[in-house]
Amino acid sequence: MKNTISHRVADFLKNFPPFNFLNQKDIERLSQHISIIYKEKNAVIFSENEEVHDSFYVVHKGAVTLKNATDNDILDMCDEGDIFGLRPLLANENYKMDATAHEETILYAIPITIFKPYALENPAVGNFLIESFASTTRNPFSKNHRGKLYGDTVESSVETETKLLDLQPVKYSKKIISCTATTTVKEIAEIMTSKNVGAIIVVEEMLPIGIITDKDLRNKIVTGEFPITTTAISIMTAPVITYPKKMTITQAQMAMMKSNISHLCLTKDGTVNTKVVGVLSKHDVMVALGNNPAVLIKAIKRAKKIKNIKPIRARIMQLLQGYLDQNIPITLTSNIITELNDACIERVIEIVLSKMQQPPPVKFAWLAIGSQGRREQLLHTDQDNALVYEDVPEELATETNTYFLELATHINKGLFQIGYDYCPAEMMASNPKWCLSLNQWKNQVHQWVTNPGKTEVLLSFIFFDYSLSYGDAEIVNELSEYIFEIIKANPTFYVHLVSGALQSPSPTGFFRQFVVEQNGIHKDHFDIKKRALMPLADAARVLIVSHSVKSISNTPERFEKLAELEPNNKELYLACSYSYKALLKFRTKQGLLHNDSGQFIALDALTKLEKIKLKRTFKTIKELQELISIRFNPSKIVL
Amino acid sequence: MIHFINKAKYYLFHLLGLSNESTDEQLSGAIDSTRFVVLDTETTGFNYDTDRILCIGAIVLQNGVIPIQESIEIYIYQEHYDSSSAKIHGILKGQVSNTKTEIESLQAFLDFLGDSIIIAHHALFDITMINRALERNGLPILKNKTLDTGVLYKKTLIKSNLLNHKDHYSLDELADKFDIPLKDRHTAMGDAYITAIAFLKILKKLRDKKEITLEQLFK
């Protein structure tokens, strides 16, 4: 039945091979027989040795992981527009791998009986299928590619790695930044700055006649050799070294090393006599080669669209997995990953700001709150954030608030697009309660501290762990000063903070066995966040606030600072810091293993050693809770 | 707010000739094997007495699968026409060629619907419009069980006095929250599709909290 939805499906399919080889009418006919399938995150689409379905699949939204069932190795990741599960259908054999939804996914299932005639009739479709079957993997996340990134791989995988690079075509930028021979150097520098590139091609009638790189500007202009008004022709490097666009990564690397250059100019036939089709920089090669923080940071900073950041986040997770596999200290790991995540958030905000009609009317700061604010968020979780802006005169208040709410809505949406789920409790800057001017925030904090009910304490818990993600540090500083002042003036607030911190349920029961969830979907799982991490984080907050220590929001760092401030409790605090890190690492590993937040742990899946390790941290938690309940005993606080 | 839902529910069930407490065997089945029909109507306006249905779009949803072949999009020929609503649904009088008469359309729709459970956004409106049309044509009104994504969505929200939830969430708001593209918005079928995806995402959210049965969806 031809209808609105089949049109929409056809519109999507026509952009992707092999469907783009079909004519519009055929795609529409095909689309009428398609089923749309919704898969939850981690849902199985098919598994190894399962009998084939009558349809193959195209990813419409989301992503699908193809895995080797026996060793759990990722073979491929299918993205929007990718097809999978077709080969077994044509070969008439059972599925050879597992396919699961990596995130929430919508698939189009195309019945093979409907599709087959097109594949047979249309040579372009047939060729595409043969080619895509010949290359088993085309994906940078796959096992082979990952091996080399951390140095300590077995030889065989290095071999496949090299082979793969030899085969992999390079990805170059097709947007060519160029100028003419008569463009002044000043203009060139401006163009290069605004386009954020390190080289510009000098063209004449579409043909490349020279290239100017950052190095040329440094060596020839900044040294004073040529004036800033000089033209391109006098400083460019000529002739340009050109290559054909069909290069592999290895070839490109060799070419750069051979001529000691950082940019390759790609032309239609590889000579200077044809049109420029692209530029390949050393950076492009680096990106293709693998994941390291420096490359990823650069890739994030260069991302022009929010949707380009999402794949980078996937690579950050790869990096995290590698660090954990190699047992790199969690402090270092957590710092690097947080840095990268922060860079993603910053870039999202920059992109959103550049798309706003007007620049912000006054200075503002974007705050990460909760675990993100404590810089302890290694896995993808919910977003918790708030916005504070400079005070404005009464008559501008509404207008200013409207601006920042709109900005925050776009930023929240952008963060959602790169994989941060919306906060179910709506603790997000797009919520008018979390998007306030400095004075309004002060009033809000004042209210929390002077009327501390259960909710007020909870809210201040979440809010007091803020850290600056983007914007003006001065405003945030002023707010922090205010918070300490007001708490000092209201010592009773500690009592509430402490009782809040002691409220977390105990991790072990009477016989020192783990206390597991009694019902719900996580029945019989251990809630590591609520029962182990939160008590430590809450206690650290109370103690650090009582010492009026500003700008340390990370829990282990807070404990380390406390150890310094209270030498008599040094041992306990250091144990807390250690325990927290161990728990965090534990949670992160669990999360990566199950592609979730790692909050709920199936105890029977743990080894004895792991259980002992976990239990050891509980002793520390108990001691710490005793310490704070004695120290902040209501009778001891001078009212 | 709760009061309102109960009231709306009461009217809805009353209207459908169902009791609120109904727990017959249809509801004992598993959610995944149940055949749902997700529908939306485009009408000439919001008046149950004078306005008419211009188009019914309906799709089948079973076990997370929407087979396109089993969907219907019926354009209905109507004498009554209100040009002011045209800017919403974009259906111009006499422009759609393959229209059917109201009775033919209803018959085709009833055949398609069978005894499936209906899902619609703000279902009360669509169901009432359809029932009025059935009555006008001397046909019995719908007896199918109905789920409203507007009501179900509110179940996914955290109950807390810190949050002010609205009484009504439009389909646009749901689409925004769940990142569903708004293509084909305000065509009967496009809206039915958005509603279906929203339903699946709501179901996932509810299941994340707690395993849920078909019967519980109606509570």
Side-chain angles (χ1 to χ4, degrees), chain A residues 1-12 30-41 43 45 55 60-62 101 104-111 114 409 412-413 416-417 421-427 430-434 453-456 458-459 462 519-523 596, chain B residues 32 38 40 42 55 57-75 98 112 156-165 176-181 183-194 196-201 203-212:
Chain A
M1 174 109 197
K2 190 169 159 178
N3 57 41
T4 310
I5 298 181
S6 74
H7 277 304
R8 189 55 63 205
V9 172
D11 265 359
F12 174 83
L30 189 66
S31 299
Q32 291 165 33
H33 297 276
I34 286 174
S35 289
I36 301 168
I37 300 178
Y38 171 87
K39 289 282 177 191
E40 293 174 3
K41 181 174 176 177
I45 298 152
S55 301
H60 173 230
K61 286 198 110 200
E104 197 175 41
T105 298
I106 294 175
L107 301 170
Y108 291 158
I110 305 178
I114 307 285
T409 307
N412 284 147
K413 192 157 193 171
F416 177 78
Q417 281 166 351
D421 276 346
Y422 290 127
C423 169
E426 297 196 25
M427 286 166 189
S430 56
N431 178 346
K433 287 182 183 167
W434 297 89
K454 214 173 168 184
T455 31
E456 284 75 16
L458 187 74
L459 289 172
I462 295 161
N519 45 38
I521 193 157
H522 299 292
K523 193 169 181 296
D596 60 15
Chain B
D32 287 341
V38 192
D40 183 66
E42 294 303 319
C55 180
I59 58 185
V60 172
L61 172 68
Q62 195 163 13
N63 194 15
V65 179
I66 301 167
I68 295 179
Q69 242 187 329
E70 288 176 39
S71 50
I72 57 166
E73 189 170 39
I74 315 167
Y75 288 91
N98 51 344
F112 172 80
T156 67
L157 302 174
I158 292 181
K159 286 179 191 65
S160 155
N161 45 3
L162 299 175
L163 302 168
N164 310 329
H165 294 314
D176 192 49
K177 288 276 179 216
F178 291 131
D179 198 30
I180 308 168
K183 281 174 186 159
D184 304 315
R185 178 83 174 98
H186 295 301
T187 66
M189 199 150 205
D191 283 359
Y193 177 72
I194 295 171
I197 300 295
F199 172 75
L200 289 166
K201 297 204 180 201
L203 195 60
K204 154 100 171 92
K205 281 213 158 198
L206 293 174
R207 281 174 160 176
D208 275 352
K209 282 195 213 165
K210 207 176 170 204
E211 197 43 56
I212 193 164

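Chain letters run A, B, ... following the sequence lines, proteins first and then strands; every chain starts at 1. Only heavy atoms go into these numbers, but all of them, side chains included; no hydrogens, no water, no symmetry mates.
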> Of all residues at least two apart in sequence or in a different chain, which pass the side chain to side chain donor-acceptor pair (under 3.5 Å) check with B:Arg185?
Replying inline: B:Asp172, B:Asp191
> A:Tyr38 and side chain to side chain contact (heavy atoms under 4.5 Å, CB included): which partner among B:Leu200, B:Leu203, B:Leu61?
Replying inline: B:Leu200
> Hey, mind stepping through A:Asn3 and B:Ser71 against side chain to side chain contact (heavy atoms under 4.5 Å, CB included) and telling me if it holds?
Replying inline: CA-CA 8 Å; A:Asn3 57 41; B:Ser71 50; 2.9 Å; yes
>> Restricting to non-hydrogen atoms, name the atom on A:Ser35 and the atom on B:Pro67 that form the minimum distance, rounded to 0.1 Å.
In response: OG-CA, 3.4 Å
>> Given heavy-atom pairs under 4.5 angstrom as the criterion, report whether the side chain, backbone, both or neither of A:Tyr108 touches chain B.
In response: neither
> Of the non-hydrogen atoms in A:Lys41 and B:Lys204, which two are nearest, and what is the gap between them?
Replying inline: N-CE, 4.3 Å
>> Restricting to side chain to side chain donor-acceptor pair (under 3.5 Å), what partner residues turn up for A:Ser55, sequence neighbours left out?
In response: none
>> Between B:Lys201 and chain A, with a heavy-atom cut-off of 4.5 Å, which part of the residue counts as in contact: side chain, backbone, both or neither?
In response: both
>> Less than 4.5 Å apart, side chain to side chain, heavy atoms only: is that true for B:Pro181 and A:Lys61?
In response: yes
> Is there a donor-acceptor contact under 3.5 Å from the side chain of B:Glu73 to the main chain of A:Thr4?
Replying inline: yes
> Distance from B:Ile68 atom CD1 to A:Arg8 atom CZ, nearest 0.5 Å?
Replying inline: 12.0 Å
>> Which heavy atom of B:Gln69 sits nearest to which heavy atom of A:Gln32, and what is that distance?
In response: CG-O, 3.2 Å
> At a heavy-atom separation under 4.5 Å, does B:Ile59 approach chain A through its side chain, its backbone, both, or neither?
Replying inline: side chain
>> Need one label for A:Leu107: side chain, backbone, both or neither, based on atoms under 4.5 Å from any heavy atom in chain B.
In response: neither
> Based on non-hydrogen pairs under 4.5 Å, which of B:Asp176, B:Thr156, B:Leu157 is most in contact with chain A?
Replying inline: B:Asp176
>> For A:Lys413, which atoms come within 4.5 Å of any heavy atom of chain B: side chain, backbone, both, or neither?
In response: side chain
> Where is the tightest heavy-atom contact between A:Tyr422 and B:Lys177, given as atom of each residue plus distance?
Replying inline: CE1-O, 3.5 Å
